[in-house]
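See structure below.
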Amino acid sequence: MSDFNLSLDSVARSVNSTMDKLLPAGKGPGGVLMEAIRYSALGGGKRVRPFMVIASSSLFNVDERYALRAAAAVEMVHCYSLIHDDLPAMDDDDLRRGQPTCHVKYDEATAILAGDALLTKAFEVLADKKTHPDAVVRAELVLELARAAGDEGMVGGQMLDLRAEHSTLDVPQITRLQRMKTGALIQVSCEFGAILGKATEGAHHALRGYSHDLGLAFQIVDDLLDVEGSPEEVGKQTGKDQEAGKATFVSLLGIERAREQADLLCDQAIEHLEIFAKKADPLRDLARFVVKRRA
Ligand code: GRG
């Protein structure tokens, strides 16, 4: 394993252990709900967003206990979005992270509620004093995650995406859609380190520039994997965009130009990190990983 893969793995283990404690297995009527939540939230995933929270927090020497709780909250929102995205009313997928999706393993109602509970738990975690002693910091975390996940961010992007199946979008329209659907949560993950660390405006600005470019690169690679990857590699069905007749970066630019664009965005993302010198190496490695990944 490369040094970067080892550190991604180590962050994944720490975040999993934090999430395991925040989402304890339950008994009684709520037991099945918690079982479904734990099935989806603890069953794999690269934990890229938690890595962003941890790596951006380390730029400002944030206490690791705070960073881990903030990272777990972002991952909970991500896991909720995947559960709901897989539902028959949305993408209707049977496979996620190499396992049957939540509604296939349980049922649709349980999957909807598991997603709802993960979303609300994320805000409960952020609002708790254990996440940061300063109430202003906690309020800022809550505000920014709500903005990233809501109608002007991920949920709004998902709505545009559902409607895109019935219309033809051009590159600027796809870019806007993806910045909302995928980019907003990636942006807030990097922003969390700056909020927890009470960073200067300059540092906030640099991280925003980095995550803005990386979020788009991440989505372009996701589109490429849908065309070039296999379900065994990627852990979910592939070829879905083409099957649905959806416009993507790959359908609009072609494989080669989409790959060039992802590489360019990765270089651009890294350029934003100059002010942090060597301390930002984990974020630089992450950007390279995002464009090289095969899953
Ligand atoms: C249902 C409200 C709602 C939103 C859904 C995120 C999303 C919006 C849908 C997921 C569909 C999708 C494949 C989007 C592309 C980018 C993306 C979020 C990929 C999955 O993220 P990874 O690669 O997954 O980080 P792991 O499993 O590693 O966590």
Side-chain angles (χ1 to χ4, degrees), residues 8 40 43-49 75 78-104 111 115 153-187 211 213-266 269 286-295:
L8 185 59
S40 290
K46 296 180 290 298
R47 306 312 200 204
V48 161
R49 293 157 195 81
E75 186 65 18
H78 172 58
C79 293
Y80 125 75
S81 80
L82 298 181
I83 297 173
H84 281 196
D85 184 65
D86 291 333
L87 286 167
M90 302 231 188
D91 239 18
D92 196 9
D93 272 309
D94 292 348
L95 193 66
R96 169 70 65 186
R97 295 173 166 169
Q99 302 289 331
T101 46
C102 193
H103 67 276
V104 169
M154 188 178 70
V155 170
Q158 177 78 347
M159 188 70 201
L160 293 178
D161 194 41
L162 292 173
R163 293 183 58 189
E165 285 180 27
H166 311 289
S167 54
T168 15
L169 300 187
D170 57 18
V171 171
Q173 286 168 318
I174 290 279
T175 305
R176 177 167 175 263
L177 182 165
Q178 300 300 2
R179 282 208 192 286
M180 291 168 75
K181 192 180 96 166
T182 310
L185 208 56
I186 287 180
Q187 280 214 259
S211 57
D213 292 336
L214 188 64
L216 205 52
F218 187 95
Q219 182 59 50
I220 296 175
V221 173
D222 204 74
D223 290 350
L224 282 163
L225 288 173
D226 190 64
V227 175
E228 299 180 318
S230 66
E232 293 73 34
E233 267 182 318
V234 187
K236 61 182 179 182
Q237 269 150 38
T238 51
K240 296 240 353 169
D241 295 335
Q242 203 180 3
E243 195 184 292
K246 245 190 219 176
T248 66
F249 287 110
V250 176
S251 74
L252 292 173
L253 301 174
I255 290 182
E256 220 163 288
R257 278 187 61 211
R259 169 64 55 197
E260 278 168 20
Q261 195 61 31
D263 289 341
L264 192 79
L265 284 160
C266 166
L286 174 73
R288 294 184 195 107
F289 166 84
V290 159
V291 291
K292 284 208 189 82
R293 73 199 166 99
R294 295 296 306 159

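Note: hydrogens, waters and symmetry copies are ignored here, and every other heavy atom, side chains too, is used.
- Two residues are said to be in side-chain contact when any heavy atoms from C-beta on lie closer than 4.5 Å; Ile255 and Val227 meet this criterion.
- The only option from Leu265, Ile186, Thr182 that meets the side-chain contact (heavy atoms from CB on, under 4.5 Å) definition with Leu216 turns out to be Leu265.
- Of all non-hydrogen atoms in Ala262 and Ala217, the two that sit nearest each other are O-CB, 3.9 Å.
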Practice item. Report the C-alpha distance between Asp226 and Thr248 in whole Å, list the side-chain angles of each, state the deciding distance to 0.1 Å, and finish with yes or no for side chain to side chain contact (heavy atoms under 4.5 Å, CB included). Key: CA-CA 10 Å; Asp226 190 64; Thr248 66; over 6 Å; no
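- Atoms CG and CG, on Asp93 and Leu82 in that order, are 10.0 Å from each other to the nearest 0.5 Å.
- The CG atom of Leu264 lies 13.0 Å from the CZ atom of Arg259; values are rounded to the nearest 0.5 Å.
- Side-chain contact between Val48 and Leu286 is present, with at least one heavy-atom pair separated by less than 4.5 Å.
- Between the CG atom in Leu252 and the CZ atom in Arg257 there is a gap of 9.5 Å [rounded to 0.5 Å].
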Practice item. Given side chain to side chain contact (heavy atoms under 4.5 Å, CB included), test Val250 with Glu228 step by step and report yes or no. Key: CA-CA 10 Å; Val250 176; Glu228 299 180 318; over 6 Å; no
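- Closest heavy-atom contact between Ile83 and Ala111: CG2-O, 3.3 Å.
- When each of Ile220, Val291, Val221 is paired with Asp263, the side-chain contact (heavy atoms from CB on, under 4.5 Å) condition holds for Val291 and for no other.
- The shortest heavy-atom contact between Gly115 and Tyr80 is O-CB, 3.3 Å.
- Judged by the 6.0 Å and 45° rule, Arg293 forms a cation-pi pair with Phe218.
- With a 6.0 Å radius and a threshold of 12 heavy atoms from other residues, nucleotides or ligands, Lys240 has its NZ atom above the threshold.
- Rounding to the nearest 0.5 Å gives a distance of 7.5 Å between NZ of Lys292 and SG of Cys266.
- Taking each heavy atom of Asp85 and Met90 in turn, the nearest pair found is O-CB, 3.4 Å.
- Here the closest non-hydrogen pair linking Ser251 and Ala247 is OG-CA, 3.4 Å.
- Closest of all the heavy-atom pairs between Leu177 and Leu169 is CD1-CD1, 3.7 Å.
- Residues Asp86 and Arg97 are not paired through a salt bridge, judged by the lack of any N-O separation under 4.0 Å between the basic side chain and the carboxylate.
- Rounded to the nearest 0.5 angstrom, Gln237 CD and Arg96 CZ are separated by 10.0 Å.
- At least one side-chain heavy atom of His78 sits less than 4.5 Å from a side-chain heavy atom of Leu185.
- Using a 4.5 Å heavy-atom cutoff, the side chains of Gln219 and Asp222 are in contact.
- Counting heavy atoms from C-beta outward, Cys79 and Glu75 have side chains that approach closer than 4.5 Å.
- Taken from OG1 in Thr101 to CG in Leu95, the straight-line distance is 7.5 Å, to the nearest 0.5 Å.
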